[in-house]
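Start at 1 and go down the list; that is how both ligands and their atoms are numbered. Worth saying up front: this structure is predicted, and the values here are computed from it rather than measured.
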Amino acid sequence: MIPLPALAALLLSAAAPSFVVVVDPGHGGEQEGASGPAGLREKALTLQIARRVARRLERLGAQVILTRTKDETVPLAQRAALANARQADLFLSIHLNSMPGRLGAATHGVETYFLSADATDASASAVAARENADRLAGEERDPDDPVAGILESLGDAEALDESSRLAYAVQERLVAKVKAEDRGVKQAPFYVLAGARMAAVLVEVGFISNPREGRRLAQAAYQDQVAAAIADGVAAWRRDGRSAHR
Ligand SMILES: [Zn+2]
């Protein structure tokens, strides 16, 4: 028996020297993202977790590009554009969830999203609205039609299908490994995913507004578990895609 991590490394590296992953730490710079009790900030935690995801994926033989490596402002449209320019195999945006008030303090768990024009439910719609607030003035191609980029992406059936498969693979590993509540795979109109011409998902790894989950998400050991689970999901997605195309 080959140990699982070694097998995953083998599958990712064999005949695939150019498996390219773009990892996107949500927010940064002027884009503050959500904040939580005890001064936790989403933009700082997404960068820490994204770095760990990058290291895990590199160990599996992937070439990883981060959309930012410090606390800087990166326009939403530029993030997927980078993945397109580098002909990445997948685009992975890392975020922390948040809800206002008492509900936000009580709610916890993991959600993984892929793109759609309409949100799965009211809660998914609220998440997209919060994450889309980063959009800088003049960023959309046509101010009269802000969903143009989304509709364009949805026209690519294969990328959408791969995004769905990737979302389920990541969500399944994440829930199993970190034993967080499974809030499911959902869809919503995220600007950061619009325009990506490859499998693209946005992972809400937990609630920063929940004091207990927020604290865990700031811990190195927990961040590493999250990163390992996401990397496992990517490896599974890659492996299953290959066997399906054989
Ligand atoms: Zn976010």
Side-chain angles (χ1 to χ4, degrees), residues 22-54 66-80 82-83 91-101 103-105 107-116 119-136 139 146 149-150 163 167 170-171 174 178 180 183-196 200-211 213-218 222-223 226-227 230:
V22 168
V23 180
D24 174 45
H27 316 282
E30 295 164 19
Q31 302 163 337
E32 298 285 346
S35 56
L40 293 179
R41 304 177 82 174
E42 183 185 2
K43 66 174 184 176
L45 298 184
T46 58
L47 182 56
Q48 291 167 9
I49 294 167
R51 284 185 183 285
R52 293 180 191 278
V53 172
L66 289 163
T67 55
R68 67 179 176 96
T69 55
K70 54 179 193 279
D71 185 18
E72 64 180 338
T73 305
V74 180
L76 290 183
Q78 210 168 293
R79 299 174 187 239
L82 174 70
F91 178 81
L92 196 61
S93 193
I94 309 281
H95 289 261
L96 274 71
N97 222 330
S98 174
M99 282 182 194
L103 189 61
T107 307
H108 56 91
V110 177
E111 299 174 346
T112 304
Y113 284 90
F114 64 103
L115 189 67
S116 72
T120 303
D121 52 30
S123 146
S125 177
V127 171
R130 188 170 48 74
E131 304 296 8
N132 287 342
D134 273 357
R135 202 154 40 107
L136 303 174
E139 222 195 295
I150 290 176
S163 298
V170 167
Q171 175 76 8
L174 204 44
V178 307
R183 293 177 54 87
V185 170
K186 299 181 182 186
Q187 290 182 267
F190 287 99
Y191 287 111
V192 73
L193 300 179
V201 298
L202 184 148
V203 191
E204 297 279 357
V205 297
F207 279 77
I208 196 171
S209 55
N210 180 303
E213 198 164 58
R215 230 179 1 254
R216 290 179 84 188
L217 285 159
Y222 189 74
Q223 288 182 355
V226 167
I230 291 174

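- The atom name of the N/O/S atom in E42 closest to the Zn ion (ligand 1) is OE2.
- Not one N, O or S atom of D134 sits under 2.8 Å from the Zn ion (ligand 1).
- The N, O or S atom of H27 with the smallest distance to the Zn ion (ligand 1) is NE2.
- Side-chain atoms of R79 never come within 3.5 Å of backbone atoms of V22 as a donor-acceptor pair (strictly under, hydrogens ignored).
- The heavy-atom pair separating N210 from E213 by the smallest distance is OD1-N, 3.0 Å.
- For the pair T46 (side chain) and H95 (backbone), a donor-acceptor distance under 3.5 Å is absent.
- Here the closest non-hydrogen pair linking A119 and P189 is N-CD, 4.1 Å.
- With R41 contributing its side chain and G33 its backbone, the two residues share no donor-acceptor pair below 3.5 Å.
- With 2.8 Å as the limit, E131 counts as an N, O or S neighbour of the Zn ion (ligand 1).
- Counting just the N/O/S atoms of H95, the one with the shortest distance to the Zn ion (ligand 1) is named ND1.
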